[in-house]
Trainee: 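Please see the structure below; I have some questions.
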Amino acid sequence: MSKQQGSQELSADMDLHWQKQANLVHWYKKPKTILSTNIDRWYDWFTDGELNSCYLALDYHIEQGRGEQTALIYDSPVTGQKQKLSFNELTLTVAKFADVLQSQGVSKGDRVLIYMPMIPQAAIAMLACARIGAIHSVVFGGFAANELVTRINDAEPKVIVSASCGIEINKILAYKPLIDEAIALADHKPNCCIIYQRAQLTASLTPNRDFNWQELMARAQPIPPIRLKSTDPLYILYTSGTTGKPKGVVRDNGGHAVAMLYSMAQVYGMKAGDTFWAASDVGWVVGHSYIVYGSLMAGCTTIMYEGKPINTPDAGAFWRVCAEYKVNALFSAPTAFRAIAKEDPLGELIKQYDLSALKRLYLAGERLDPATYHWLKDITQRPIIDHWWQTETGWAIASTPLSCDNKTQGIQTKAGSAGRPVRGYDVQILDNDGNQVPAGQQGAVAIKLPLPPGCLATIYKDPQRLFSGYLATYPGYYISGDGGYIDDDGYLFIMGRTDDVINVAGHRLSTGEMEEVLSSHPAVAECAVVGISDKLKGQIPLGLVVIKNGIQASDAELVIILKQTIRDSIGAIASLKHLLIIDRLPKTRSGKILRKTLRQMIDGDEIEIPSTIEDSSVISELSGRLVNINQKV
Ligand code: COA
Ligand code: AMP
């Protein structure tokens with residue numbers, strides 16, 4: 001690791017600020033040290049503190065007299081089930097599942113891979129790991145077997161926890177065959193799998209390797225939380241980078257707990273007893289931070305919704321849930337509201353529900369386009385807060401501050417902006433040389449070190465990747481991978497990724513990874529995958545493929561096969577619906593694909609043809625097929 005990291009010191013003001021925030025956490029041992037530098041020359045927060053994240057999310061609230069309060073609501077339009085678990089009930093179940101894990105040999109520091117649909121057992125498994133100091137790694141249920149393989153090989157889990165199936169509107173998706181396939185393909189083999197059998201599908205269990213969740217739970221006894229160091233890892237969450245190998249973002253316990261409590265109060269304005277609904281999935285960082293840890297640590301009621309914004313059963317689903325459970329703040333992705341707006345443009349369905357409890361709506365995962373912002377503001381008559389963050393930070397880097405104006409209707413938001421940097425983040429816009437640019441000018445969105453508590457503690461098993469991926473470009477800064485600008489009033493506008501990452505329906509995916517999958521097909525000579533804009537999903541991938549000479553299959557057959565390869569390797573969420581077979585790609589003389597030129601052709605922008613281009617006639621050859629392709633597809 002470079003000597004440059006960890007050298008930026010915390011100002012006295014920020015040191016005091018984080019000390020005050022840390023005092024709000026119920027530590028077993030209160031930390032005296034706020035920020036220190038570790039052997040990787042990266043940051044440790046509250047290093048001498050001791051705590052347990054599961055205790056803070058559950059047992060602590062029972063001690064505070066909130067045992068009977070609903071902790072978790074499960075609402076599943078796809079199965080017709082609804083369930084409420086109080087803090088007492090959830091704590092008991094989690095404490096028993098912690099015993100189940102321990103009986104399977106899981107102890108502090110062991111990894112547990114969780115591959116679950118949106119059912120309470122997903123949160124129960126996560127919290128049970130936290131209770132015994134095991135490190136969970138949740139994999140989004142929409143990922144295919146190959147994605148599981150990469151994560152199994154990297155995290156080397158002792159146990160895999162899963163369910164017999166997931167349900168996508170009316171499709172039952174068997175999980176167990178994917179797990180079996182992944183384990184067969186992986187170099188690392190877990191000791192066992194614990195499978196929650198759902199009524200919709202019973203999975204067949206492999207003798208001596210797979211166990212039935214319900215049977216193990218029937219024999220389990222509740223066990224207490226253990227003391228952990230602030231810096232002990234809580235979880236690993238893999239996220240897409242620019243290559244096929246996802247990055248295992250590691251989150252600590254102490255910094256995370258402080259960040260969760262701080263953000264629940266200061267970003268979301270929530271207090272114990274409120275109901276907070278993050279309409280996301282436990283497989284994403286939003287689910288980790290605000291379906292599970294943040295909401296529960298703050299003593300709020302959280303909601304696990306196993307459904308979609310539309311079609312389960314209609315575009316009024318979000319409003320029905322908000323009304324039924326008196327949701328105080330709703331958090332989702334812009335794509336979800338674009339889907340609702342498409343089905344119910346005049347907002348007729350929202351009128352059927354009493355949303356008097358709902359104070360504000362929060363949006364993240366992709367840029368909130370001004371049209372959706374205005375539509376949502378009009379139909380809800382509530383503050384619409386776009387806020388910007390990443391798996392790496394774990395909580396909002398920018399948002400609209402509530403504390404400057406506590407009257408909820410007076411919050412000053414700007415359409416198209418993700419608000420202002422949240423206290424703790426020093427966000428700056430830099431040019432190619434690392435100099436700050438003037439207000440209004442676009443550049444790379446960077447955060448001056450140190451990052452606040454709760455941000456990535458390291459990249460699992462690869463601390464060097466933290467340096468090369470985020471810190472090497474501008475010494476003293478973390479580079480977000482997003483481009484944007486700050487206006488004269490200090491509002492941040494995030495305009496999109498500057499790397500090969502795309503956001504498809506709020507899901508972060510790597511075009512590099514898709515290219516690796518396509519290139520691995522024997523018929524493919526070379527390929528490029530670029531993000532094109534999509535009215536519903538924000539972005540979708542477009543594959544451009546050059547086929548080897550002498551391949552017998554027709555272009556139409558190859559298109560079907562290659563699309564299926566992406567579904568099988570990455571998952572249906574990759575949404576690779578558009579794939580063109582072309583004769584050649586625009587390249588430099590040294591063989592580098594000219595992606596920027598491709599994007600300019602697709603967007604119909606003025607094309608800058610680099611002097612290094614191998615053969616400029618490829619541009620005219622392709623332009624007819626690519627110009628405004630997003631309007632053609
Ligand atoms: N498990 C298995 N498959 C899944 C899945 C999951 N958890 N989530 C999505 N998929 C599948 C879908 O079934 C679909 O498969 P298909 O191509 O066979 O029909 C495919 O992946 C694409 O799904 P999706 O991206 O959800 O697109 P859609 O067109 O079905 O729905 C939206 C569009 C906008 C309604 C939907 O994307 C949505 O609800 N987005 C919100 C995302 C979100 O909350 N993100 C959180 C970030 S904060
Ligand atoms: P993820 O790590 O999956 O949460 O994805 C993080 C990426 O999503 C960011 O780097 C951005 O590109 C994008 N993103 C998240 N929130 C916003 C937002 N409010 N505005 C614009 N882009 C966003």
Side-chain angles (χ1 to χ4, degrees), residues 78 115-118 139-144 165-175 178 237-241 247 249 278-291 305-312 315 317-318 331-343 362-369 373 385-399 416-419 445 456 479-484 492-499 501-509 531 534-540 563 566-567 570-577:
V78 296
Y115 183 63
M116 298 283 256
M118 280 290 288
V139 180
F140 176 59
F143 279 130
C165 65
I167 301 159
E168 278 290 297
I169 308 184
N170 48 16
K171 277 183 294 185
I172 295 185
L173 305 173
Y175 275 22
L178 294 174
L237 182 57
Y238 288 88
T239 189
S240 299
K247 295 178 270 202
V249 169
S280 178
D281 189 287
V282 282
W284 305 116
V285 66
V286 177
H288 282 62
S289 294
Y290 299 111
I291 295 177
Y305 173 71
E306 191 181 25
K308 299 272 174 183
I310 52 172
N311 298 329
T312 57
F318 273 22
F331 176 169
S332 194
T335 187
F337 292 103
R338 286 197 296 268
I340 296 172
K342 188 162 172 255
E343 299 279 309
Y362 289 84
L363 283 296
E366 53 171 322
R367 180 167 183 252
L368 174 59
D369 54 285
Y373 168 88
I385 302 183
D386 181 12
H387 63 326
W388 170 61
W389 51 298
Q390 313 182 301
T391 304
E392 289 84 346
T393 64
W395 61 288
I397 308 163
S399 184
S417 164
V445 186
L456 75 176
I479 181 149
S480 67
D482 284 308
L492 178 63
F493 289 73
I494 299 292
M495 304 309 289
R497 299 285 306 191
T498 54
D499 55 15
V501 167
I502 55 172
N503 277 290
V504 180
H507 306 321
R508 174 168 161 183
L509 299 167
D534 179 77
K535 280 201 176 84
L536 174 66
K537 298 190 178 187
Q539 276 185 302
I540 49 169
K563 284 183 191 170
I566 293 283
R567 277 179 90 89
I570 298 175
I573 50 156
S575 301
L576 183 74
K577 299 240 165 31

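Whatever order the structure lists ligands and atoms in, that order sets their numbers, starting from 1.
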Trainee: At under 4.0 Å between heavy atoms, is it the side chain or the backbone of Leu173 that contacts ligand 1, or both, or neither?
Mentor: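 Under 4.0 Å from ligand 1, Leu173 contributes side-chain atoms alone.
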Trainee: Specify the protein heavy atom at minimum distance from atom 28 (P) of ligand 1: its residue, its atom name, and the distance to 0.1 Å.
Mentor: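 Checking every protein heavy atom, the shortest distance to atom 28 (P) of ligand 1 gives Lys537 NZ, 3.8 Å.
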Trainee: Write out the residue and atom name of the closest protein heavy atom to atom 6 (C) of ligand 2, then the distance separating them to 0.1 Å.
Mentor: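 So the nearest neighbour among protein heavy atoms is Trp389 O, 3.6 Å.
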Trainee: In terms of relative ring orientation, are Phe140 and His507 parallel, tilted or perpendicular, with 30° and 60° separating the classes?
Mentor: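 The arrangement is tilted - the two ring planes meet at 30° to 60°.
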Trainee: Do Thr312 and Tyr305 have a side chain donor and acceptor closer than 3.5 Å?
Mentor: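 Yes, because at least one side-chain N or O of Thr312 sits under 3.5 Å from a partner of the opposite role on Tyr305.
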Trainee: Tell me the protein heavy atom at minimum distance from atom 41 (C) of ligand 1, and give that distance in Å.
Mentor: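 Answer for atom 41 (C) of ligand 1: Thr335 CG2, 3.7 Å.
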Trainee: For atom 42 (C) of ligand 1, which candidate among Ala505, Gly571, Gly506 holds the nearest heavy atom?
Mentor: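 When every heavy atom of Ala505, Gly571, Gly506 is considered, Ala505 comes closest to atom 42 (C) of ligand 1.
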Trainee: Using the test ring pair (Phe, Tyr, Trp, His ring centres under 6.0 Å), find all partners of Tyr373 that sit at least two apart in sequence or belong to another chain.
Mentor: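 For Tyr373 there are no ring pair (Phe, Tyr, Trp, His ring centres under 6.0 Å) partners, ignoring immediate neighbours.
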Trainee: Can you pull out the closest protein heavy atom to atom 18 (C) of ligand 2? Residue, atom name and distance to 0.1 Å, please.
Mentor: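 Checking every protein heavy atom, the shortest distance to atom 18 (C) of ligand 2 gives Glu366 O, 3.3 Å.
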Trainee: Holding to ring pair (Phe, Tyr, Trp, His ring centres under 6.0 Å), I want the full list of residues that pass it with Tyr362, two or more places apart in sequence or in another chain.
Mentor: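 Listed in chain order: Tyr268, His387.
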Trainee: Contact between Gly481 and ligand 2, counting heavy atoms under 4.0 Å?
Mentor: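 False for this residue.
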Trainee: Does Gly166 come within less than 4.0 Å of ligand 1, judged by its heavy atoms?
Mentor: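 Distance cut 4.0 Å: Gly166 fails for ligand 1.
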Trainee: Among His507, Met118, Lys342, Glu168, which one puts a heavy atom closest to atom 12 (C) of ligand 1?
Mentor: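 Considering heavy atoms of His507, Met118, Lys342, Glu168, the nearest to atom 12 (C) of ligand 1 sits in Glu168.
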Trainee: Give the atom numbers and elements of ligand 2 that come within less than 4.0 Å of a heavy atom of Asn503.
Mentor: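 Answer for ligand 2: 8 (O), 12 (O), 13 (C).
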Trainee: Taking the minimum heavy-atom distance to atom 12 (O) of ligand 2, which of Ile385, Asp482, Ile494, Leu492 ranks first?
Mentor: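 Residue with the shortest heavy-atom distance to the ligand atom: Asp482.
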Trainee: Contact between ligand 1 and Ala279 is defined here as a heavy atom of the residue under 4.0 Å from a ligand atom; is it met?
Mentor: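 Per 4.0 Å heavy-atom rule, Ala279 contacts ligand 1.
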Trainee: Consider ligand 1: state whether an atom of it lies below 4.0 angstrom from any non-hydrogen atom of Arg567.
Mentor: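 It does, in that a heavy atom of Arg567 comes within the 4.0 Å cut-off of ligand 1.
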Trainee: Which atoms from ligand 2 have a heavy atom of His387 less than 4.0 Å away?
Mentor: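 So the answer, numbered in order with elements, is 16 (N), 18 (C), 19 (N).
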Trainee: Return the closest protein heavy atom for atom 35 (C) of ligand 1 as residue, atom name and distance.
Mentor: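 For atom 35 (C) of ligand 1, the nearest protein heavy atom comes out as Pro309 CG, 3.8 Å.
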